[in-house]
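Taking it in order: structure first as C-alpha cells, then the write-up.
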Amino acid sequence: MTNQEIAKLLSNIAAVYQLKGEDRFRMMAYEKAAESIRGLTQEVSDLWKDGKLTTIPGVGPSLASHIDELLRTGKVKHFEQVLKDIPASVFPLLEVPGLGIKRAFKLVSEFHLNDPKTVVAKLLAVAKAGKIASMEGYGEKSQQVIIEALGRFKKGQIKENRMPLPYAYTMAEEIITYLKKCPHTIHALPLGSLRRMVATIGDVDVAVSTNHPKDVTEWFTKYPKSVNVVETGEGGASILLSNGRQVDMRVIVPRQYGAMLQYFTGSKNHNIKLRELALKKGYSLNEYGIKPVGKTQNSSRSDRDKTQNYNSKLKIYEFSTEEAFYHALGLPWVPPELREDRGEIEVGLTGKLPQLIEQQDIRGDFHIHSNYPIQPSHDLGSSSVMEILKEAQRQGYEYIGISDHNPSVGNHSKKQIIDILKRRRSKFEQIIASTKSVRVKLFVMIEADILPDGILSIPDEGTNYLDGMIVSIHSVFSMSKEKMTERVLKGFSHPKAKILAHPTGRILGKREGYELDWNKIFAFCKKNNKALEINAYPERLDLSDKMAQEAIKAGVKMAIDTDSHAAEQLALMRYGVAVARRGWLTKGDVINTMEYNEVKKWLNNS
DNA sequence: GCCGTTTTCGGCCCGACTGTTTTCAGTCG
C-alpha cells in the first residue's frame, strides 16, 4: 500500500468524522496524520517494518495500531465501523472543487447515487435536470457551480493544473517589474508557493505595499498582457493573462505589509504552527498583524518592543516588515523556502537556522550540453563551447564542465567511441588555448548512460580523455528498487564517475521517478566521495528538496547543475539553488561552491 | 486522536468568501 493510498484513507475517515460532527478534534488529528504521510520521504511500510510508525508526526499509538492492522490484514475493523453507513460514492466527489463531505453526502443520499464509478456522471445529469436548485440550502447558483465543477472533473481536471516553477517565476517577475514602474508602488513581491519556490505552482499571487491602493490597482489592471479583469476591489485585483493564467494582486498599506507577506506566503502548515506558538504567548495572528488575546501576560521584552506599532483603533500590533513580525514572536526571520513546518520554527527558536546557500556562492556548473558533434545517443546542445564559456563568464563562474551525452553505443564500435572522445578533448583544449578573453576554466566531461546491466556507455580507455564523468539513467526505467539500486551503484562505482545526475529520473507532470534504496546510495556516496545532483532543469528539479535534505543529513555532498542545452539556460541555476535552499543546504554541502583547485582534486580523487 | 518552553490533562489556527441566509453553513487556503 502506498503512502498516498494510506493518506487518502485517513483523509476519508477524517471527512466522515467531520460529517458526523461528533469529534472535531479527532477529525483534525486524522487529517493532520494524512497530511503528514502525504509529505513523507520514506515509505510508511518501511517504517512499519522497523516498528517506527509513531515517529511520523501526528501518528500516535492509536493510529499506529490502525495502520499496523491495515498493513497486516489489508483492512481496519475500526475504519469499517466508521465507514459503515457512508456510501463509498461520496469520496470521489470530495475531489470536486467546491464539494465537501457534507454536500457530497447530502447529494448522494438525496438522489441515491451509491456507485462510486457512476456517481459523477449521474450527479451531473441530476444537476442538469435542475433537481438540485430546489433542495434546501441550495439555489440556482450553487447548482450551476456544481455543474461546472463536475464538468471540469470529468475532463480530468481534478485539481488545478500546476505549472513548473520557472514558468510561474518568469510570469511573476515580469508583472512585478511592471508594478514597480507605478510611481505609487513602494514594495512588490510574490506570495504563496511561488515565494517559497516550490517545484510546481498553482496560482500566481503578488503583494504590493502602497499608500495609494486605488492607483496601484488601476495600474495593475492595465497590465499589457491582461486580457480580462476578473475582479477588482479594495484589497487588490485579479486579471486573466493571454496564456490563460490568472494573477491576483493584493495591495496593503506599508505599516501592515510585513504581516500580509507573512500570512500569504504560508505555507499553511507553517502558519498553523506559528499561530500555535503565538497562542501560547497570548497572541492571535492574522493578515493584518498580531492581536493580544485572553488574559494579558506579564509584559515581556518583545511586548515592549512592539508597543510603538500598536494600533489602538484596531487593537492590533502592526508590522511593516516580516523580520519585525517574526522577531515579535521570538523568532529570527525564517527564509520563505524553509516555511513548510519541517522543523524551521523549533530550530528557529533555538536561533540555529542554517545559513542557506545563495546563488552567488555558486562558482560553476558541471552539467552543460554543447553542440559538439559527438553523435550522441540523446540530444545535442545548441550552443558552441565558446558561446557557453562566454555565458559562464557573464554568470561570474570560475569553471564549467561540458558534459555532452556519450556517443551512441548502438552506432559506434568501442574504438570509434574512444577516437571521438580523443578528438573532442584536443578540440576543446584548442578552443581554450585560442582565447585570451575567457578566463573560465573548462572540465572536459561526459554524461554517460548507466546501461541496464550497470555497465557505463563509455569504454574504460575512453575515460582517459575525460576530467570526470556524470552518470545517469536514460533508458529502461521500470526495474525493481533492488535491481535499479544495483545498476546505479555498479555504474557509479567507476572512479571517474563523480556525479549521479537527476537521481530519480522524474519528469514533473509526466513521469514518476524510479525507486532506489536511498540508504544504500547515500552511504555509497559518502564513503566514495561522490555527489548527487540537484538538476535545475525546469521539468526535473531532481533531487527534490526533501530528498536533498535527507542526503545531506546522511553526509552526502550535492552538485547543483542546470543540464543546459543552450548557453542562456545557464541562468536556470537559480531554480536549482531554490531546491537546495528548500532542502536546508548550506554552501558547504555543495561541490560547485568550491574553488577550481579543490574541484580538480575532487575529480581526481586526490 | 495527538501532544508537551505554563500541561501526562486539557487543550487543539484563523478568517474570507459564497450562497443562502435574516444569523449561518460549508468550503477553502
Side-chain angles (χ1 to χ4, degrees), chain A residues 10 13-15 17-19 21-36 53-67 78-79 82 93-107 132-146 149 159-160 191-193 196 198 202-203 205 231 233-236 238 248 250 259-260 262-291 293-295 297-298 300 316 329-331 339 341 345-346 348-351:
Chain A
L10 293 180
I13 302 291
Y17 279 128
Q18 186 188 356
L19 177 67
E22 288 160 6
D23 189 343
R24 191 171 133 247
F25 297 111
R26 194 188 323 206
M27 182 274 279
M28 285 164 59
Y30 270 79
E31 194 46 61
K32 189 175 178 191
E35 194 60 41
S36 167
L53 285 176
T54 53
T55 62
I56 303 170
V59 173
S62 171
L63 277 174
S65 96
H66 290 329
I67 295 172
H78 174 68
F79 291 177
V82 174
L93 293 182
L94 299 184
E95 310 280 349
V96 178
L99 286 184
I101 184 74
K102 299 200 179 181
R103 286 181 171 181
F105 183 72
K106 190 163 177 184
L107 291 166
I132 290 179
S134 55
M135 288 170 67
E136 194 189 343
Y138 290 79
E140 284 295 338
K141 191 94 182 195
S142 41
Q143 176 169 277
Q144 196 53 38
V145 167
I146 287 173
K159 290 170 202 152
E160 225 180 315
L191 296 169
S193 53
R196 304 199 312 279
V198 181
D203 296 317
D205 294 305
E231 62 174 323
E234 294 234 326
S238 300
D248 300 336
R250 298 170 186 277
M260 189 230 238
Q262 197 291 317
Y263 183 88
F264 286 108
T265 296
S267 68
K268 183 181 169 191
N269 287 335
H270 174 84
N271 283 0
I272 288 175
K273 185 61 78 63
L274 206 59
R275 289 192 192 112
E276 284 172 1
L277 175 72
L279 264 184
K280 285 175 191 158
K281 294 174 182 273
Y283 301 111
S284 166
L285 308 182
N286 65 36
E287 65 183 280
Y288 308 106
I290 299 181
K291 191 167 65 179
V293 288
K295 325 173 268 284
Q297 314 276 309
N298 32 353
S300 68
I316 200 167
L329 296 170
L331 282 164
R339 299 183 197 169
D341 189 22
I345 291 175
E346 293 84 344
L349 285 169
T350 68

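Letters go in sequence order (proteins before strands), and every chain restarts at 1. Remember, it's a predicted structure, so these values are computed and weren't measured experimentally.
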Rounding to the closest angstrom, what is the interatomic distance between B/dG29 and B/dC13 at atom C1'?
12 Å

Separation of B/dT5 atom P from A/I345 atom CD1, nearest Å, is 14 Å

Here the distance between atom C1' of B/dC2 and atom CD1 of A/I67, to the nearest Å, is 13 Å

Applying side-chain contact (heavy atoms from CB on, under 4.5 Å) to A/S284 and not counting sequence neighbours gives A/K291, A/V293

Taken to the nearest whole Å, NZ/A/K141 to P/B/dT21 is 15 Å

N/O contacts under 3.5 Å, protein versus nucleotides 26-28 of chain B?
| from | atom 1 | to | atom 2 | distance (Å) |
| --- | --- | --- | --- | --- |
| B/dG26 | OP2 | A/K102 | NZ | 3.2 |
| B/dT27 | OP1 | A/G100 | N | 2.4 |
| B/dT27 | OP1 | A/G100 | O | 3.1 |
| B/dT27 | OP1 | A/R103 | N | 3.2 |
| B/dT27 | O5' | A/G100 | N | 3.4 |
| B/dC28 | OP1 | A/G98 | N | 2.6 |

query = Does A/E31 reach the main-chain N or O of A/A14 with its side chain, forming a donor-acceptor pair under 3.5 Å?
reply = no

With a 3.5 Å distance limit and no angle check, can you tell me whether A/S193 reaches the backbone of A/V198 through a side-chain donor-acceptor pair? no

* Expressed in whole Å, how much space separates the P atoms belonging to B/dC12 and B/dC17? -> 25 Å

Atom CZ of A/R26 and atom C1' of B/dC3 are separated, to the nearest Å, by 16 Å

### Message
Categorize A/H270 for me: base, sugar-phosphate, or nothing, with a 4.0 angstrom heavy-atom threshold over every strand shown.
### Response
nothing

TODO: Sticking with atom C1', work out how far B/dT5 lies from B/dG1, rounded to a whole angstrom.
DONE: 23 Å

To the nearest angstrom, the CG-P distance between A/L10 and B/dC2 comes to 11 Å

CG of A/L277 to CG of A/L349, rounded to nearest 0.5 Å, is 5.5 Å

A/E136 atom CD is separated from B/dT20 atom P, nearest whole Å, by 13 Å

Those residues at least two apart in sequence (or on a different chain) that pass side-chain contact (heavy atoms from CB on, under 4.5 Å) with A/R26 are A/Y17, A/D23, A/Y30, A/H78

Here the distance between atom P of B/dT21 and atom CD of A/E140, to the nearest Å, is 12 Å

Residues at least two apart in sequence or cross-chain that pass side-chain contact (heavy atoms from CB on, under 4.5 Å) with A/S134, listed by chain then number, are none

Residue pairs meeting salt bridge (Lys or Arg N to Asp or Glu O under 4.0 Å), one or both in residues 268-277 of chain A, sequence neighbours left out, come to A/K273-A/D341, A/K273-A/E346

With P as the reference atom in both, quote the distance from B/dG10 to B/dA16 in angstrom, rounded to an integer. 33 Å

A/G58 and A/A33 have their tightest heavy-atom pair at O-CB, 3.6 Å

When rounded to whole Å, the NZ to C1' distance for the pair A/K273 and B/dC3 reads 11 Å

Point to revise | P spacing across the pair B/dT23 / B/dC28, given as an integer number of angstrom | key: 26 Å

Counting primed atoms, P, OP1 and OP2 as sugar-phosphate and everything else as base, the B/S/- map of nucleotides 8-16 of chain B against protein heavy atoms under 4.0 Å is ----BBBSS

Rounded to the nearest 0.5 Å, the NZ atom of A/K106 sits from the NZ atom of A/K102 at a distance of 11.5 Å

Only one of A/I345, A/L279, A/N269 passes side chain to side chain contact (heavy atoms under 4.5 Å, CB included) with A/L274, and that residue is A/I345

Q. Expressed as a whole number of Å, how far does the P atom of B/dT20 sit from that of B/dG26?
A. 14 Å

Using Watson-Crick geometry (N1-N3 plus N6-O4 or O6-N4) or G-U wobble (N1-O2, O6-N3), each under 3.5 Å, B/dT8 is paired with none

For B/dG15 versus B/dT8, give the span between their C1' atoms, rounded off to a whole number of Å.
33 Å

Sorted by position of nearest nucleotide on DNA chain B, 5' first, the leading residue of A/T350 and A/Y138 is A/T350

